[in-house]
S.K.: 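Dropping a structure here in C-alpha cells format, bear with me for questions.
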Amino acid sequence: MNLSPLNQRRWRNFRRNGRAYWSLIIFSVLFTLTLFAEFIANDKPILVQYRGEYFVPVLNFYPETAFGGDFKTEAVYSDIEVKCLIASGGLQACWDDPEGVILDAADGIVGNIGTASGQMIEKGWALWPIIPYSFKTINDIGGHAPSAPDGDHWLGTDDTARDVLARVIYGFRLSVLFTLIVTSITSVIGIAAGAVQGYFGGKLDLIFQRILEIWGSTPSLYVIIILFAIFQRSFWMLVFISVLFGWTGLVGIVRAEFLRARNFEYIRAARALGVSNRVIMFRHMLPNAMVATLTMMPFIITGAIASLAALDFLGFGLPSSAPSLGELTRQAKQNLQAPWLGFTAFLTFSILLSLLVFIFEGVRDAFDPKKTFQ
C-alpha cells in the first residue's frame, strides 16, 4: 500500500516511538490470538476422525448419534462415553466399560475390529485445543470452588468452577471488540456534531450547547437500570447504551478547534472560491483538529473498557455467563480467600489498558507536526 509523504512521515514518527511501536506489536499478537479463542480454549475438539470421516466440532453441530451414540442432541465431547465411542469407532461396549475400551484403543487393541458383517472399524481420534475448557464450561474439580491454580487449570477456577484462563482469553477479546465498536461510533458522531457546531456557530451552536448541557446532566446509571429492567441484557444493548451516553466526549474539543480554524485565511479563501462546506470541514479543517482529537482518544478508550467492567462489576452489564473481566473482578471481591482471581483481573486490566494508552499516545504524537523523534 502506497502512503502519501505526509502519512509516511507520521508512520516514521510512530515507529521511532519505541514504547508505542512495541505496544502495538504486543497488543496485535494478543488480540489476534484471542480472535481464535475457540481454537485455543474450548470443550469441543478442533478435529475428530471417526470411521474414516473427519468432523470439525469447534465450528459445526454434530449429534451424539453421529458417533454411534443414542441421543440426537449435541455430543458432549468431554464425557467419557463420547470419548470412548470416538476412540473405539462406536463400539457399544463403551456403555459398559468406557475407560477400559479407551485404554485398549490407546494400546491399539480395538483398532480395526471386525464387525458381524465382516467390515473393519477404524480407531478414531480427536484433536483438542491447548485448553480443553470453554469460558462457560462447568468443571468437575473434585472439591470446593474456586480452586487454586494447578496443572489442569493454570489460573485456577472461579466460584462456579469455570476455568479462569479460558474466561480471560474470551473476556480480553470481548473487551477489545466492545471498545473498538463503541469508540468508532462515538468518535464519528462526536466529531461530526462538534464540526457542525464549530463551523456554522450562531444559533445552531447555541441550541446544540443547551442540548449537550441537558444530556450531560442525565443520570446514566438510572437510565441503564431502567433499560435493563425492560429489555434483556446483551452485548449490543450495552454498545447502544455506551454510544448513547459517550458520543459527547469529543464534541467540545472538536467544536473549539473548528471555531478557531474557521477564521483562518485559507478557509476564507476556500469559501470565496466556492468550495462546499462539507469539503472545507472534513478535508481542510478536520486534519488540523486531529491532534487535539487524538489527545482525547486514550481517555475514551480506557473509559469504554472501564464502563463495561464497572457495569459488569455492579451486575448491570452482560449476563453472568458471559466472559466478562468485570465479572471476574466482582468474583475476586466476593472470594478474598482466592487471591488468584484478584491478581488475574488486576494484571489483565493493567496490561490491556497500558498497551492501548501507549499506542494512542504514539498515534497522537505521530499526527503532531511539531513532534519528531530522533
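The model shown is predicted, which means the values in this text are computed figures rather than measured ones. Values reported hereafter were calculated over all heavy atoms of this structure, with side chains retained and with hydrogens, waters and symmetry mates removed.
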S.K.: Side-chain contact, heavy-atom cut-off 4.5 Å: L308 with S175?
M.R.: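 The answer is yes, as the side chains (C-beta and beyond) meet within the 4.5 Å cut-off.
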S.K.: Side-chain contact test, heavy atoms from C-beta onward, threshold under 4.5 Å: evaluate it for L318 versus R233 and give yes or no.
M.R.: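 Side chain of L318 against side chain of R233, heavy atoms only: no contact under 4.5 Å found.
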S.K.: Ignoring hydrogens and geometry, is there a side-chain-to-backbone donor-acceptor pair from S134 to T137 under 3.5 Å?
M.R.: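 Here the side-chain-to-backbone pair does not exist.
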S.K.: Which Ile, Leu, Val, Met, Phe, Trp or Tyr residues join I207 in one cluster when any pair of side-chain heavy atoms under 4.5 Å counts as a link?
M.R.: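 I211, all in the cluster of I207.
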S.K.: Looking only at non-hydrogen atoms, find the nearest pair between N335 and P146 and report the distance.
M.R.: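 Looking at all heavy atoms of both residues, the shortest contact is OD1-CD, 3.8 Å.
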S.K.: Begin from the C-alpha positions of L328 and R167 and carry the test side-chain contact (heavy atoms from CB on, under 4.5 Å) through to its verdict.
M.R.: CA-CA 8 Å; L328 178 62; R167 292 185 66 80; 6.0 Å; no
S.K.: Is any side-chain heavy atom of W340 closer than 4.5 Å to one of L155?
M.R.: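 A side-chain contact is absent here, since even the closest heavy-atom pair is not under 4.5 Å.
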S.K.: Heavy-atom count around F343 CZ within 6.0 Å, excluding the residue itself: above 12?
M.R.: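 No, because the 6.0 Å sphere around CZ of F343 holds 12 heavy atoms or fewer from other groups.
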S.K.: Using side-chain heavy atoms (C-beta onward) and a distance below 4.5 Å, is I241 in contact with F316?
M.R.: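 Side-chain contact under 4.5 Å: no.
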S.K.: Drop me the distance from T293's OG1 to R364's CZ, to the nearest 0.5 angstrom.
M.R.: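 So the gap between those two atoms works out to 12.5 Å.
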S.K.: What do the steps show when you test H144 against Q337 for side-chain contact (heavy atoms from CB on, under 4.5 Å), and what is the final call?
M.R.: CA-CA 12 Å; H144 296 288; Q337 79 282 4; over 6 Å; no
S.K.: Can you name the side-chain contact (heavy atoms from CB on, under 4.5 Å) partners of Y21, sequence neighbours left out?
M.R.: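 In terms of side-chain contact (heavy atoms from CB on, under 4.5 Å), with neighbours along the sequence ignored, Y21 is linked to W11, F14, R15, I25.
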S.K.: Looking only at atom types and distance, does a side-chain atom of D79 sit under 3.5 Å from a main-chain N or O of E81, one as donor and one as acceptor?
M.R.: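 No: the side chain of D79 does not pair with the backbone of E81.
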S.K.: Between atom CD1 of I301 and atom CG of L180, what is the distance when rounded to the nearest 0.5 Å?
M.R.: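 Interatomic distance, I301 CD1 to L180 CG, rounded to 0.5 Å: 7.5 Å.
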S.K.: Please find the pair of heavy atoms, one from I169 and one from A37, that lie closest to each other, and give the distance.
M.R.: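 Heavy atoms of I169 and A37 come nearest at CG2-CB, 3.8 Å.
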S.K.: Classify the angle between the aromatic ring planes of F245 and W215 as parallel (below 30°), tilted (30 to 60°) or perpendicular (above 60°).
M.R.: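 The arrangement is parallel - the two ring planes meet at less than 30°.
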S.K.: Please test V239 against F178 for side-chain contact (heavy atoms from CB on, under 4.5 Å), starting from the C-alpha separation and ending with a verdict.
M.R.: CA-CA 7 Å; V239 169; F178 175 84; 3.8 Å; yes
S.K.: With a 6.0 Å cut-off (strictly less than), is the heavy-atom count around CD1 of I130, excluding the residue itself, greater than 12?
M.R.: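 Counting neighbours around CD1 of I130, 12 or fewer heavy atoms of other residues, nucleotides or ligands fall under 6.0 Å, so no.
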S.K.: Taking side-chain contact (heavy atoms from CB on, under 4.5 Å) as the test, write out the residues that go with S354, two or more places apart.
M.R.: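 Scan of S354 (side-chain contact (heavy atoms from CB on, under 4.5 Å), adjacent residues dropped) gives F358.
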S.K.: M285 and side-chain contact (heavy atoms from CB on, under 4.5 Å): which single residue from I267, V279, V254 fits?
M.R.: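 That would be I267.
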S.K.: List the residues meeting side-chain hydrogen bond (donor to acceptor under 3.5 Å, both in side chains) with R262, not counting sequence neighbours, and say none if there are none.
M.R.: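 Checked R262 against side-chain hydrogen bond (donor to acceptor under 3.5 Å, both in side chains); zero matches.
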S.K.: Using distance alone, with no hydrogens and no angle criterion, decide if Q209 and E213 have a side-chain donor and acceptor under 3.5 Å apart.
M.R.: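 Short answer, no.
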S.K.: Return yes when atom CG of N263 has more than 12 non-hydrogen atoms of other residues, nucleotides or ligands closer than 6.0 Å, and no otherwise.
M.R.: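 Enclosed: over 12 neighbouring heavy atoms sit under 6.0 Å from CG of N263.
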S.K.: Quick one: does any side-chain atom of S187 pair with a main-chain N or O of S184 as donor and acceptor, under 3.5 Å?
M.R.: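 No, S187 side chain to S184 backbone: no donor-acceptor pair under 3.5 Å.
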S.K.: Following the transitive rule for hydrophobic clusters with a side-chain heavy-atom cut-off under 4.5 Å over Ile, Leu, Val, Met, Phe, Trp and Tyr, establish whether L347 and F27 coincide in one cluster.
M.R.: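 Each belongs to a different hydrophobic cluster.
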S.K.: Between H284 and F264 (judged by ring centroids, cut-off 6.0 Å), do the two rings come close enough to count as a pair?
M.R.: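 Centroid distance H284-F264: not below 6.0 Å, so no.
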S.K.: Linking I/L/V/M/F/W/Y whenever any side-chain heavy atoms sit under 4.5 Å apart, do L165 and F346 land together?
M.R.: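 In one cluster with L165: F346, no.
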S.K.: Under the side-chain hydrogen bond (donor to acceptor under 3.5 Å, both in side chains) test, which residues partner N139, sequence neighbours left out?
M.R.: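 For N139, no residue satisfies side-chain hydrogen bond (donor to acceptor under 3.5 Å, both in side chains) once neighbours in sequence are set aside.
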S.K.: Between V176 and L30, is there a side-chain heavy-atom distance shorter than 4.5 Å?
M.R.: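 No - every pair of side-chain heavy atoms lies 4.5 Å or more apart.
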S.K.: So which atom in Q197 and which in D205 form the shortest heavy-atom distance, rounded to 0.1 Å?
M.R.: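 Minimum heavy-atom contact is NE2-OD1, 2.8 Å.
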S.K.: Going by atom types only, do T160 and R162 share a side-chain donor-acceptor pair under 3.5 Å?
M.R.: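 Note: T160 and R162 side chains meet the donor-acceptor criterion.
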S.K.: With a sphere of 6.0 Å drawn around CZ of F282, does it hold more than 12 non-hydrogen atoms of other residues, nucleotides or ligands?
M.R.: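 More than 12 heavy atoms, drawn from other residues, nucleotides or ligands, come within 6.0 Å of this atom.
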S.K.: Could you see if I253 belongs to whatever hydrophobic cluster contains Y199? Use Ile, Leu, Val, Met, Phe, Trp, Tyr and a side-chain cutoff under 4.5 Å.
M.R.: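 Result: yes, single cluster for both.
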S.K.: Would you kindly confirm whether M296 and V188 end up in one hydrophobic cluster when ILVMFWY residues are joined by side chain heavy atoms under 4.5 Å apart?
M.R.: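 Different hydrophobic clusters.
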S.K.: Does some side-chain heavy atom of R330 sit less than 4.5 Å from a side-chain heavy atom of D312?
M.R.: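 Contact flag for D312/R330 side chains = no.
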S.K.: Please tell me whether V76 and L85 are part of a single hydrophobic cluster in this structure, the criterion being side-chain heavy atoms less than 4.5 Å apart.
M.R.: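 In one cluster with V76: L85, no.
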S.K.: Only one of L244, L238, V243 passes side-chain contact (heavy atoms from CB on, under 4.5 Å) with F240; say which it is.
M.R.: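 Single side-chain contact (heavy atoms from CB on, under 4.5 Å) partner of F240 among L244, L238, V243: L244.
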S.K.: Would the number of heavy atoms belonging to other residues, nucleotides or ligands and lying under 6.0 Å from CZ of R283 be above 12?
M.R.: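 At most 12 heavy atoms, drawn from other residues, nucleotides or ligands, come within 6.0 Å of this atom.
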S.K.: Rounded to the nearest 0.5 Å, what separation is found between the CG atom of L341 and the OG1 atom of T157?
M.R.: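 These two atoms lie 8.0 Å from each other.
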S.K.: Do the non-hydrogen side-chain atoms of F67 and V48 ever get within less than 4.5 Å of each other?
M.R.: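 Sidechains of V48 and F67: in contact.
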S.K.: Quick check: are there more than 12 heavy atoms from other residues, nucleotides or ligands sitting under 6.0 Å from CZ of R210?
M.R.: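 Check passes, neighbour count above 12.
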S.K.: Minimum heavy-atom separation for T302 to P298, with atom names?
M.R.: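 Where T302 meets P298 most closely, the heavy atoms are OG1-O, 2.8 Å.
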S.K.: Can a donor-acceptor pair be found, under 3.5 Å and without considering hydrogens, that links the side chain of E327 to the backbone of A322?
M.R.: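 No, E327 side chain to A322 backbone: no donor-acceptor pair under 3.5 Å.
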S.K.: Tell me who clusters with F135, hydrophobic residues only, linked when side chains sit under 4.5 Å apart either directly or through other members.
M.R.: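 Taking Ile, Leu, Val, Met, Phe, Trp and Tyr as members, F135 shares its hydrophobic cluster with Y170.
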S.K.: Can you tell me how far apart OH (Y133) and CG (D152) are? Round to the nearest 0.5 Å.
M.R.: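 So the gap between those two atoms works out to 4.5 Å.
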S.K.: Check E361 against R19 and note the closest heavy-atom contact, atom names and distance.
M.R.: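 So the two residues come closest at OE1-NH2, 3.0 Å.
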S.K.: Are the side chains of I46 and V56 in contact, using a 4.5 Å heavy-atom criterion?
M.R.: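 Heavy-atom side-chain distance check fails, nothing below 4.5 Å.
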S.K.: In sequence, state the C-alpha distance, the side-chain angles, and the governing distance for F208 and R255, and then conclude on side-chain contact (heavy atoms from CB on, under 4.5 Å).
M.R.: CA-CA 11 Å; F208 258 105; R255 169 181 173 270; over 6 Å; no
S.K.: Working to the nearest 0.5 Å, report the span between CH2 of W154 and OG1 of T344.
M.R.: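 It is 14.0 Å, given to the nearest 0.5 Å.
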S.K.: Could you tell me which non-hydrogen atom of F200 sits nearest to which non-hydrogen atom of N277, and how far apart they are?
M.R.: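 Where F200 meets N277 most closely, the heavy atoms are CE2-ND2, 3.8 Å.
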S.K.: Could you give the distance from CG (L325) to CG (L352), rounded to the nearest 0.5 Å?
M.R.: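 Going from CG on L325 over to CG on L352, the span is 7.5 Å.
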